[in-house]
Structure formats: structure tokens, C-alpha cells
Amino acid sequence: MSADRADRIFAALDGFRIELPSWGFANTGTRFGKYMQPAAATTLEEKFSDAAQVHALTGACPTLALHVRWDLPAGVDSTPQVAALAQRVGIAVGAINPNLFEEQHYKFGSFGNPDAAVRERARAHAFESVEIGRRLGTRDVSFWFADGSNYPGTANIRQRRRWFEEALGAVHARLGAGQRMLVEYKPFEPAFYHTDIADWGMALLLARGAGPQARVLVDTGHHYLSQNIEQIVDWLLMEGMLGGFHFNDRRYADDDLTIGSIDPYQVFRIFREIRSFEWETGRAADLAYMIDQSHNLKGKIEAMIQTVVFAQELYAKASLVDESALASAQMQTDLVRAESLLQDAFATDVRPAIREWRAARKLAADPIDAFRQSGYLERITSERAARNAAGNSSYA
Ligand code: RM4
Ligand code: MN
Ligand code: MN
């Protein structure tokens, strides 16, 4: 590989950060049940500790996203402990995720619930989440809503939209200067007839309506099959409305598998459009790259390392596309040349250059192998096995 290409990979990796989800270290399951892993994290301390391992080995994950209900059971009152923990472990708190879907009163929705008392409760939780983010000094409060309906005619879709507009506006008004509200969309599940925020257009309208600090969050698993996600990314970038990503892969629906396990070219194409936008505009797209995976069969920490390493590879490959050559091939409608500029970059084996980058940054040459050699897994397995065998009541 030429020195110029290796330099590009080094620069790309130096600038690439991806946030870990606390729930990705915990025992989660499918709607059919949970398989408990002896080494899974239960306490927030354990989640931070596992995240620190991933960061130490990959150099790319300095922040951990938290779910309010699972990680801050006392709400704002949990923040001093969380701040102290983050400080001690050396991993900063990332996005704050309110939980507006798990408790019994959300059976018929949160912001879209016909019962004003439930809407009020949901608002209070959202306000508290904003306050938690403010106290912890983090930027993003990330909203995903399970709201929707299961049978035609059972919900007033327009009225629910109005309730969403009102509530999101009220939450936005609580944001501090350095905070953002991210609005995530998902076509179905748990609702199987209509979902209140089902696609990027709905999320965009709601985010725009909420106020200037709201952006759209793209979860790669939240699209109909074969949808062109990179085009959505481009359109949101052009609107200045793309806030960030929840990366995961899937074969069928919201499968939450490790990144690129099913379709690595899809992730490459997303990264490539972002790099192309940056090349064209001359400015960095300010995006929160986050992982939202919770596969329940692979070892939690290994699955996370595998995802981060693969994301680094795909991002490095995307950095190799010669954007100016591509722009001229497009203008000349030289289709084969244009397409092969992408294919060649995708086919490049970037692993040797990444190994050099790791050595230069004093990181493990092979993060998975280093993790297996470290003894960490054996240690936490013996510490946590008994508790995990007994099960735990929280979802994550
Ligand atoms: C949803 C969505 C949210 C995540 C929850 C647990 O499908 O992806 O981002 O917080 O799952
Ligand atoms: Mn998500
Ligand atoms: Mn999801």
C-alpha cells in the first residue's frame, strides 16, 4: 500500500470514534426469552468496566451510552454516582436514552397515549432525562418511541402526531445550550399496524418542528429490507439534520447483530457518502456514531470488540475512495469506472495498515486475541456467574 493511502487510513482512524451501548454488555434476549451469559454485566460499574476494556483494546470508544431506567434507577439522583464512576473508569458518559416503552402505563403509548395523565408522565421522564444529560455534561438525549397501534382504526394517527409535536417541543424547550435531542424512527415493532415515528421523513418533520437543537437518528436496523439507507443519510446531511447513528446489522428486521456481519458493503456505502459529503463541503460532519447491538449468543465483550474492529476497517476502506476521480467519472457518466472506484476501495485489504496504526498508537495488534489472552473474561466470569445464574429482573 502506498504511503499516501496508509496516511489516509491513519488520519481516518485517528478521527473515528464510536460509542458503546451499556445495554450491549447486559443479558438481553428475544421476545421468547433470555439466555443468561455468566460474564454479562448487571451493574453499571460492570458495564463501565467492560466498556473500558473495549476502549483500551480498540482506542475508538471513549464514551458509553446509558439507558435511564436500566442504568440510573434513581434518575437525577443517580447522576453524582454515575459521574464519579465515569471519572474513575476513564470512560465518559455518552447519549442519555430515556425509556418510554417498558413500564405498564405505556401499554398504549407514551407521547401518543390517549390518556393525558400518561402523556404527562412520559413528558416528566423526558424532562428528567434532559436534566440527567445536563448534569452529566453530555450532548445527546436520544429518543426512541415504541408508540403505535396494532389494528386499523384503533388509533387517531393525526391526533397522535399533534401530541408528539407538542411534547417534543416542550422537551426541546428544556435543552441546555450544549444539548441536542435525537429523534429515532423505526417502521414497526413492537407496534405492527402503525408506528408514530415510522420513517426518516416523519422523524425529520418532528425534529424540525421541535426546534433547532433536534436532529434525526438513523438506526441501520430500522428500515424496510433493501431500502437505500445511504441516500437517506445524504438527504439528512444536506438538510443539516443528521444527528448520528445506531449501528447494527440485520438479515430480517431489527435484529441488532454485530456491524457488517450480514452486509458490510451497506456500512461501507454509508461511510463513503459521509466522507464524500465532507470532501465536497470541506467540513467535518458532526455526527454521533453509536452502536446499538444486543446479540445474545456471542460473548458480549467479544461481540463489541468485533463490531468496533470491523467498523474501523469499513471506515478505513471508505477513506480510500478517490473522491475527485469519482466526481469526474460521474460527470463523464463513466459508470464502470465510477463503480469500480468504490469496489476497489471496498476490496482493499486495510488490515495491515490498521495493524501499523495500532502499533503506532500503542494499541493491541489483534484486539480480540489480546482480549482472550488478558484473563479479564475469566475473572469477570467467576465474579458474576452466580448472580447471572440466579437471573435478574431488569431488562438490561
Ligand atoms: C429499539 C431502538 C432503541 C433502543 C431500544 C432498546 O429498537 O433501537 O434505540 O434503545 O431498542
Ligand atoms: Mn436504536
Ligand atoms: Mn432497534
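Counting convention: from 1, in listed order, for ligands and their atoms alike.
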(message) Tell me whether Arg123 forms a cation-pi arrangement with Phe127, defined as NZ or CZ under 6.0 Å from the six-membered ring centre and within 45 degrees of its axis.
(response) no

(request) Give a yes/no verdict on a cation-pi contact between Lys317 and Phe346, requiring under 6.0 Å between NZ or CZ and the six-membered ring centre and an angle within 45° of the axis. (result) yes

(message) Using a 4.0 Å cutoff against the non-hydrogen atoms of His246, which atoms of ligand 1 qualify?
(response) 9 (O)

(request) Verify the distance criterion only: is there a donor paired with an acceptor across the side chains of Asn388 and Asn27 at less than 3.5 Å? (result) yes

(message) Show the atoms of ligand 1 that are less than 4.0 angstrom away from any heavy atom in Asp254.
(response) 7 (O)

(request) Only heavy atoms count here, so choose which of Trp23, Trp144, Phe101 is nearest to atom 1 (C) of ligand 1. (result) Trp144

(message) Check for me: within less than 2.8 Å of the Mn ion (ligand 2), which protein N/O/S atoms show up?
(response) Glu184 OE2, Asp219 OD2, His246 ND1, Asp292 OD2

(request) Report the residue from Val216, Leu206, Thr195 that forms a side-chain contact (heavy atoms from CB on, under 4.5 Å) with Tyr185. (result) Val216

(request) Could you check whether the rings of His67 and Phe101 sit parallel, tilted or perpendicular, using 30° and 60° as the cut-offs? (result) perpendicular

(request) Measure the distance from atom 2 (C) of ligand 1 to every protein heavy atom, then report the residue, atom name and distance (to 0.1 Å) of the closest one. (result) Glu184 OE2, 3.4 Å

(request) Would you check, one step at a time, whether the test side-chain hydrogen bond (donor to acceptor under 3.5 Å, both in side chains) holds for Asp50 with Tyr376? (result) CA-CA 9 Å; Asp50 294 356; Tyr376 182 83; 2.5 Å; yes

(message) I want to know if ligand 1 touches Lys186 in the polar sense, i.e. an N/O pair below 3.5 angstrom.
(response) yes

(request) For the residue pair Phe271 and Phe16, categorise the inter-ring angle as parallel (less than 30°), tilted (30 to 60°) or perpendicular (more than 60°). (result) perpendicular

(message) Quick check: His67 and ligand 1, any N/O pair under 3.5 Å apart?
(response) yes

(request) Kindly confirm or rule out an N or O of Trp70 lying under 3.5 angstrom from an N or O of ligand 1. (result) no

(message) Can you tell me how the ring of Phe192 sits relative to the ring of Phe188, calling it parallel under 30°, perpendicular over 60° and tilted otherwise?
(response) tilted

(request) May I ask you to test the Phe48-Val93 pair for a side-chain heavy-atom distance under 4.5 Å? (result) yes

(request) Assign the ring pair Trp235 / Trp200 to parallel, tilted or perpendicular, where the plane angle (0 to 90°) is split at 30° and 60°. (result) perpendicular

(request) May I ask you to test the His194-Asp196 pair for a side-chain heavy-atom distance under 4.5 Å? (result) yes

(request) Could you tell me which atoms of ligand 1, counted from 1 in the order shown, lie closer than 4.0 angstrom to a heavy atom of Asp219? (result) 8 (O)

(request) Just need the protein heavy atom nearest to atom 8 (O) of ligand 1, so name the residue and atom and give the distance. (result) Asp292 OD2, 2.8 Å

(request) Please could you name the atoms of ligand 1 that His222 approaches to less than 4.0 Å, counting only its heavy atoms? (result) 2 (C), 7 (O), 8 (O)

